[in-house]
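Reminder, nothing fancy here: chain letters follow the sequence lines and each chain counts from 1.
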2 protein chains.
Amino acid sequence: MSTVPDTLSITFAALADPTRRAILERLAEGEATVSELANPFSISAPAISRHLRVLAEAGLIEREIDARWRICHLRADALRGAHGWLETYRRHWEDNLDRLVEFVERTHAGDTDHIKRTAGARRKKP
Amino acid sequence: MSTVPDTLSITFAALADPTRRAILERLAEGEATVSELANPFSISAPAISRHLRVLAEAGLIEREIDARWRICHLRADALRGAHGWLETYRRHWEDNLDRLVEFVERTHAGDTDHIKRTAGARRKKP
DNA sequence: CTGTCGATTAACCAAGTGGTTAAGTGACGG
DNA sequence: CCGTCACTTAACCACTTGGTTAATCGACAG
């Protein structure tokens with residue numbers, strides 16, 4: 001435990017598990033107790049408990065104590081950061097200008113130096 | 001076990017590291033060689049090489065061999081799945097209807113049984 | 001008070017991750 | 001042909017992760 005991970009890393013790490021994503025999907029339909037969340041899975045209760053702890057520490061869920069039960073609900077605004085990060089790259093798969101540029105760069109390889117080559121000039125010019 | 005992780009888990013796991021995200025951010029500006037990508041970081045070349053392998057296996061980058069150099073470019077459409085998953089939960093942080101429902105549930109706790117309680121009736125009615 | 005139920009913590013284990021250094025590979029430049 | 005450059009692979013290490021079982025805790029029913 002040398003360096004504490006940043007928020008975005010914690011969020012993405014929390015989402016990088018199918019069980020936790022399934023829990024969030026279930027929670028998107030509405031609040032639920034821990035045993036209700038554990039029900040669809042074949043893993044043990046402590047395993048679920050730890051998944052919930054990860055989600056809670058990532059700020060993705062909240063646990064409210066109701067007598068013997070812990071009622072979990074979604075705190076989806078913690079997903080905003082991750083969504084925002086991905087949103088930055090949206091144009092790279094939606095904007096076909098990129099495909100055009102890429103096409104020009106590939107096919108007219110030699111004479112495209114007017115196009116920004118961020119990798120700089122590496123190849124020797126014949 | 002050796003159960004192979006699903007695509008979404010692989011994508012999120014690849015994004016759950018600040019070095020790899022920085023590499024993608026750099027790559028969003030344009031293609032780059034491995035050493036150019038490694039330049040801003042203080043970690044060793046093999047460490048960078050493995051980060052790139054993770055990104056490549058997640059389908060987030062492509063490596064093209066150019067003589068001695070490996071030129072990396074972004075393959076952002078692999079982010080589409082992750083983006084799409086998050087998009088599902090957008091309304092939970094953007095729609096203030098949810099905040100209203102939550103407010104009613106909390107403040108009028110006793111007499112909101114007409115509101116869908118997905119967790120079922122657990123608490124004893126006084 | 002005692003037993004039980006929902007949930008968590010503790011202790012442990014196998015496997016994975018991120019870093020290191022050292023060695024290997026393929027393409028040039030001289 | 002030999003050395004170097006760009007990069008990867010191999011072997012190793014500390015630490016984390018996801019799972020287990022056993023023990024624990026608090027709220028309640030009897």
Exercise. Under a 4.5 Å cut-off applied to non-hydrogen side-chain atoms, are B:Leu15 and A:Trp85 in contact?
Worked result: yes
Seminar exercise, completed: Of A:Ile43 and A:Ala67, the one whose nearest nucleotide on DNA chain D sits closer to the 5' end is A:Ile43
Exercise. Atom CG of A:Asp66 and atom C1' of C:dA7: how far apart are they, to the nearest Å?
Worked result: 13 Å
Problem set entry | B:Trp69-B:Glu64 side chain donor-acceptor pair, cut-off 3.5 Å | no
Exercise. A:Thr19 side chain N/O closer than 4.0 Å to the phosphate oxygens (OP1, OP2) of D:dG18?
Worked result: no
For this session: Measure the distance from CD1 on A:Ile71 to C1' on C:dG6 and round it to the nearest whole Å.
Result: 12 Å
Exercise. Where is the tightest heavy-atom contact between B:Tyr89 and A:Leu79, given as atom of each residue plus distance?
Worked result: CB-CD1, 3.8 Å
Exercise. Once you round to the nearest 0.5 Å, how far does NE2 of A:His92 lie from CG of B:Leu27?
Worked result: 9.0 Å
Problem set entry | Rounded distance in Å - CD (A:Glu64) to P (C:dG6) | 18 Å
Problem set entry | Phosphate OP1/OP2 of C:dC5 contacted by A:Ser35 side-chain N/O (<4.0 Å) | no
For this session: Using a strict 4.0 Å threshold on nitrogen-to-oxygen distance, state whether A:Asp6 and B:Arg21 make a salt bridge.
Result: yes
Exercise. According to a strict under-4.0 Å criterion, is A:Ser44 in side-chain N/O contact with OP1 or OP2 of D:dT20?
Worked result: yes
For this session: Let me know the distance between CG of B:Leu15 and C1' of C:dG18, rounded to the nearest Å.
Result: 17 Å
For this session: Measure the shortest side-chain to side-chain distance between A:Asp66 and A:Thr33 over non-hydrogen atoms and say whether it is less than 4.5 angstrom.
Result: no
For this session: Output yes when at least one side-chain N/O atom of B:His51 is less than 4.0 Å from OP1 or OP2 of C:dG19, else no.
Result: yes
Using a cut-off of under 3.5 Å, enumerate the N/O to N/O pairs linking the protein to nucleotides 3-5 of chain D.
residue : atom : partner : partner atom : Å
D:dC5   : O4'  : B:Arg68 : NH1          : 3.3
D:dC5   : O2   : B:Arg68 : NH1          : 3.4

Seminar exercise, completed: B:Leu37 atom CG is separated from D:dC7 atom P, nearest whole Å, by 9 Å
Seminar exercise, completed: Whichever of A:Arg70 and A:Ala47 has the more 5' nearest nucleotide on DNA chain D, that residue is A:Ala47
Exercise. Does anything in residues 7-14 of chain B reach DNA chain D, meaning a heavy atom under 4.0 Å, and if so which residues?
Worked result: none
For this session: Using a 4.0 Å cut-off on protein heavy atoms (strictly under), produce a 5'-to-3' string for nucleotides 9-14 of chain C with B for base contact, S for backbone-only sugar-phosphate contact, and - for none.
Result: B-----
